[in-house]
Amino acid sequence: MTGEEAALARPLILRLTERGETVATAESLTAGLVCATLTEVPGASAVVRGGLVVYATDLKAKLAGVDEALLAEHGAVHPEVAAQLAAGARERCGADWGLGLTGVAGPDPQDGVAPGTVHVALAGAGSCRVRTHRFEGGRASVRTNSVRAALELLGAALGPLAAR
């Protein structure tokens, strides 16, 4: 975890703890990096329920509950796939919040989608937010930026820490 990811993850763990809420992930292109980043923070075990690594397309359906017809029609890199990954993580792991990530880290396109295209979603009670990003750089850069985007999306939903 770099300093920037640590700076994003620590307050998220604190906010989740003070709110009594939990989070889970369903990750494709990041292959568990978001969950790993969150669990680097001491105290994360109280609020991180777990994560699904669904790198293969068929596992998105089998483990996270993504609609097979959606995957067949649009492929694995689509905003609605990210939304269903987030909802699946939330439901299957029994968490208050679910983060879902899918995209193309590169170097080659996938299903006609350009490298650097990433969809990040956050599912909560009765809501789902999806953000689409176009990141520059190689695989490592795209994946690192995807982790940051997911942490920032969760942070925006949780709001600031309570005054102490």
Does any part of the side chain of L29, heavy atoms only, come nearer than 4.5 Å to the side chain of L101, both counted from C-beta?
yes
Side-chain touch H74/V81, heavy atoms, less than 4.5 angstrom
no
Partner set under salt bridge (charged side-chain N to carboxylate O under 4.0 Å, His left out) for R19, not counting sequence neighbours:
E21
Does E152 have any salt bridge (charged side-chain N to carboxylate O under 4.0 Å, His left out) partners at least two apart in sequence or in another chain, and if so, which?
none
So which pairs with a foot in residues 127-162 pass ring-ring contact (aromatic ring centres under 6.0 Å, His included), sequence neighbours left out?
H133-F135
Does any pair with a residue in residues 88-123 pass ring-ring contact (aromatic ring centres under 6.0 Å, His included), and if so which ones, sequence neighbours excluded?
none
[atom2] on [Y] to [atom1] on [X], rounded to 0.5 Å:
| X | Y | atom1 | atom2 | result |
| --- | --- | --- | --- | --- |
| R148 | T37 | CZ | OG1 | 10.0 Å |
| E68 | K62 | CD | NZ | 8.0 Å |
| L122 | S127 | CG | OG | 7.0 Å |

Applying side chain to side chain donor-acceptor pair (under 3.5 Å), name anything that partners Q84, two or more places apart in sequence or on another chain.
E80
Donor-acceptor contacts, no H, no angles, side chain residues 103-114, under 3.5 Å, sequence neighbours left out:
none

Of V41, L151, V48, which is the lone residue that meets side chain to side chain contact (heavy atoms under 4.5 Å, CB included) with L12?
L151
For V66, does its backbone N or O pair with a side-chain atom of K60 as donor and acceptor, under 3.5 Å?
no
